[in-house]
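Below is one structure, written out as structure tokens; the observations come after it.
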Amino acid sequence: MKQDNNFIINFDNKSHSSAKFSIYRYWRHLHRQQRAFIIAIGLLCVWIYVGYYKNSLNSIEYTSDEYQREKINKEKETWRNKQHLKNQLSKSQIKKQYFSTPTNAHRIAVRDAMKHAWKAYRTYAWGYDELQSISKTPSTWFGLGLTIIDSIDTLYIMNMTEEYREAREWIEKSFDLDSNSVDKYNSHFEVTIRILGGLLSIYHLTADEIFLKRAIELGDRLLLNFNTPSGLPLAQINIKRKKPSAYRWTSDSATAEVGTVQLEMRDLSRVSNDKKYENAADKLVATLHNQSKYDGLVPIFISPLTGQFSGEVVSFGARGDSYYEYLLKQWLQTGRKRSLFWDDWIESIEGVRKHLWRVAYPEKFYFVGELMSMSTFSPKMDHLACFLPGNMAFGWSFRSDLSYLLDMAKELTKTCYQMYVKQSTGLSPEIAYFNIDSNSNESTIIVRANDVHNLLRPEFIESLYYMYHLTGDKIYQEWGWNVFQSFEKYTRQTDGYSSINDVRNKENVRPRDKMESYFLAETLKYFYLLFDATNLFPFDQWVFNTEAHPLPIYND
């Protein structure tokens, strides 16, 4: 009987000549309906498998998402705990400082000068770096509102509350490291001491977190400059593009530029509880410390690529000055526990005594000269070197057995004052030369035509501040008041202040149309502190960076 079931596969069909089983042969002999049935069954199996596989994937993805969410939540919680601890540690170190309105006449006069300078900047250059006080136009340098940040701690110390609030608001709302105005190469050193130093200082004085936030933003970009074989920072950085660079004309940096950024980077680590900034500073310190020196003295240029000093000029003026200043101040900042800083500093002072310390005739003024070719003495002293007497007296205050430090400081302070009073305006030239020939008829202090400008510099006032508060001798306040009156008479303009071109000609000083940010940040601040009967920043608790921004001394 013929089978009508088309769904039965007859595996006994052996009509092919070959006895071996072949799916192909059987498939060919299957009825069309049988083939369709098999295909349908196969598709059903595939559909069931795919559905099961997709559900399995969804289950895996769900489990993975849950795991990831749980992991992220745990990481967030850990971060929050660390952040809370960091904030607690930071706040335990930072205590808001309070300053009263001045009552004595000299400090009131200085505060009025600050008001006059700030009002002019506020009117004609707000948000720009500096004021051109004669033309009443703004000047752009960094593109970061330099005068605001550089002088905000001065405003706070002088209790100029309205001006301080304006400056704080600008820093909170308008300080922008990504603006087009910052798209340029600027000095790593200047940005560090003025902007970073200013932000750190005002944070320590106010405990306001916005200043710490801005300092960290800037510090992270400045840190890129330390990525060199020696650990010494390159000379320039484009902050917006985050690109470090050497100078276009040389791969070397000034010794002062690489040796005057450690206080700020170390302090940034302390307030942020992130060691990376201090680590960079310490690597830099090790490189400088390990280089050979000439009785503690070093040339004014150094290569960030090799870490080797270059050139043969030694100076406590331009390009060399604050390298020596920071040796002592780093020793103080770290609680006087890292002897290498003191050792390098005291060795450099011994080098001054041996190679640079001279007397000028006929008035017998002691001064610090320079070395050319590491051996030839030059009787040249920059006004910048007038920081040194204050620095030596500062060191003496911690080692009073080294009486020669104070003796030298007194003599050099007197000489720096003579650089002022010997000029008809009562203001110092930028550079002076000294007569070291006792048989010469030349005057003791010689000023050359190219050096007769005054740039509103603070170094002498800085030393007067230290000398007065360390010795209690009011002669230093008297000298300071005389110099302040000269600044008022010859540099004060209708709007703000201006550096001048000729300190010898009181009838025509020829203003330079420039009010330096450091005039507000340093010069007026040191005047204000000098005229206070008590030291507002005790020397065992605070250390000033080279831009006069006070930073705390740590115990380690």
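Here the closest non-hydrogen pair linking Ser253 and Val258 is CB-CG1, 3.8 Å. When every heavy atom of Ile157 is checked against every heavy atom of Leu529, the shortest pair comes out as CG2-CD2, 4.4 Å. The nearest pair of heavy atoms linking Met467 to Pro389 is SD-O, 4.2 Å. Glu264 and Leu196 get closest at one heavy-atom pair: CB-CD2, 3.9 Å. In terms of heavy-atom proximity, Asp252 sits nearest to Ser310 at OD2-OG, 2.7 Å. Here the closest non-hydrogen pair linking Asp437 and Asn435 is N-OD1, 3.1 Å.
A donor-acceptor pair under 3.5 Å is formed between the side chain of Thr523 and the backbone N or O of Leu456. A donor-acceptor pair under 3.5 Å is formed between the side chain of Glu130 and the backbone N or O of Ser517. Counting only distance, with no hydrogens or angles, the side chain of Ser201 and the backbone of Gly197 share no donor-acceptor pair below 3.5 Å. Judged by distance alone, the side chain of Ser400 and the main-chain N or O of Trp396 form no donor-acceptor pair under 3.5 Å. Distance alone, capped at 3.5 Å, is enough to place a donor-acceptor pair between the Ser303 side chain and the Thr306 backbone. Put simply, the side chain of Ser373 never gets that close to the backbone of Ser375: no donor and acceptor are under 3.5 Å apart. Using a distance-only test at 3.5 Å, with no hydrogens or angles considered, a donor-acceptor pair links the side chain of Thr444 to the main chain of Glu363. Thr415 places a side-chain N or O within 3.5 Å of a backbone atom of Glu411 that can act as its donor or acceptor partner.
The line from CG of Leu268 to OG1 of Thr192 is 10.5 Å long, rounded to the nearest 0.5 Å. Rounding to the nearest 0.5 Å places CD of Gln330 at 9.5 Å from CG of Asp344. Rounding to the nearest 0.5 Å gives a distance of 10.0 Å between OG of Ser428 and CD of Glu459.
The shortest side-chain heavy-atom distance between Leu356 and Leu371 falls under the 4.5 Å cut-off. Between Asn545 and Leu200 the shortest side-chain heavy-atom distance does not fall below 4.5 Å. No side-chain heavy atom of Ile237 sits less than 4.5 Å from a side-chain heavy atom of Tyr185. The closest side-chain heavy-atom distance from Ile108 to Asn104 is not below 4.5 Å. Side-chain contact check for Leu412 versus Met381: some heavy-atom pair is nearer than 4.5 Å. Taking 4.5 Å as the limit, some side-chain heavy atom of Thr471 sits within range of a side-chain heavy atom of Leu406. Residues Tyr476 and Thr413 meet the side-chain proximity criterion, which asks for heavy atoms closer than 4.5 Å. Considering only heavy atoms from C-beta on, Val543 comes within 4.5 Å of Ile553 through its side chain.
No donor-acceptor contact under 3.5 angstrom links the side chains of Asp129 and Thr140, judged on distance only. Between the side chains of Glu350 and Tyr404, a donor-acceptor pair is found at a separation under 3.5 Å. With 3.5 Å as the limit, one finds a donor-acceptor pair spanning the side chains of Asn482 and Tyr417. Using a 3.5 Å distance cut-off with no hydrogens or angles, the side chains of Asn439 and Tyr361 do not pair a donor with an acceptor. The closest side-chain donor-acceptor pair between Thr546 and Glu325 falls under 3.5 angstrom. No hydrogens or angles considered: nothing links the side chains of His453 and Asn501 as a donor-acceptor pair under 3.5 Å.
Aromatic pair Tyr366/Trp357: ring centres closer than 6.0 Å. You'll find the ring centres of Tyr128 and Tyr124 outside the 6.0 Å limit. Between Tyr497 and His116, the ring centre distance stays below 6.0 Å. For Phe460 and Tyr420, the distance between ring centers is under 6.0 angstrom. Two rings, from Tyr294 and His355, have their centers less than 6.0 Å apart. A ring-centre distance under 6.0 Å is not found for Tyr156 and His204. Taking the six-membered ring where the residue is Trp, the centroids of Phe537 and Phe544 are separated by under 6.0 Å.
Between Trp342 and Trp331, the angle of the ring planes lies from 30° to 60°, which puts this pair in the tilted group. Taking the six-membered ring where the residue is Trp, Phe367 and Phe434 present parallel rings, their angle staying beneath 30° rather than reaching 60°. The aromatic rings of Tyr121 and Trp118 sit tilted relative to each other, their planes meeting at an angle between 30° and 60°.
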Applying salt bridge (Lys or Arg N to Asp or Glu O under 4.0 Å), run through Arg457 and Glu516 and close with a yes or a no. CA-CA 9 Å; Arg457 289 200 185 275; Glu516 303 279 357; over 6 Å; no
Before giving the answer on side-chain hydrogen bond (donor to acceptor under 3.5 Å, both in side chains), spell out for His549 and Asp153 the whole-Å C-alpha distance, their side-chain angles and the decisive distance to 0.1 Å. CA-CA 7 Å; His549 296 306; Asp153 58 359; 2.7 Å; yes
Output, in order, the C-alpha distance, side-chain angles, deciding distance and verdict of ring-ring contact (aromatic ring centres under 6.0 Å, His included) for Phe398 and Phe394. CA-CA 7 Å; Phe398 297 96; Phe394 197 22; 5.6 Å; yes
Going through the distances and angles, do Arg336 and Asp540 end up as a salt bridge (Lys or Arg N to Asp or Glu O under 4.0 Å)? CA-CA 10 Å; Arg336 290 177 276 166; Asp540 61 345; over 6 Å; no
Working for salt bridge (Lys or Arg N to Asp or Glu O under 4.0 Å), residues Lys115 and Glu163: CA-CA 9 Å; Lys115 283 181 174 289; Glu163 293 87 347; 3.4 Å; yes
Yes or no on salt bridge (Lys or Arg N to Asp or Glu O under 4.0 Å) for Glu522 and Lys525, after CA distance, side-chain angles and deciding distance? CA-CA 5 Å; Glu522 299 186 74; Lys525 183 187 293 166; over 6 Å; no
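The cationic atom of Arg319 (NZ for Lys, CZ for Arg) does not lie both less than 6.0 Å from the six-membered ring centre of Phe301 and within 45° of the ring axis. Judged by the 6.0 Å distance and 45° axis criteria, Arg107 is positioned over the aromatic ring of Tyr528. Relative to the ring axis of Tyr277, Arg266 does not place its NZ or CZ within 45° and under 6.0 Å from the centre. For Arg194 and Tyr518, the positive end is not near the middle of the six-membered ring at less than 6.0 Å and at most 45° from its axis.
Counting only residues at least two apart or in different chains, side-chain hydrogen bond (donor to acceptor under 3.5 Å, both in side chains) contacts with residues 460-470 comprise Tyr465-Asn535.
Take Asp382 and apply the side chain to side chain contact (heavy atoms under 4.5 Å, CB included) test, not counting sequence neighbours, and it matches Ala318, Glu370, Lys380, Leu384, Ile431.
Each of Ser135, Ser499, Ser133, Ser139 was scored for a side-chain hydrogen bond (donor to acceptor under 3.5 Å, both in side chains) with Asp513, with one residue passing: Ser135.
The local environment of CG in Asn555 is sparse, with at most 12 non-hydrogen atoms from other residues, nucleotides or ligands closer than 6.0 Å. For Arg510, the CZ atom counts as densely surrounded, since its 6.0 Å shell holds more than 12 non-hydrogen atoms of other residues, nucleotides or ligands.
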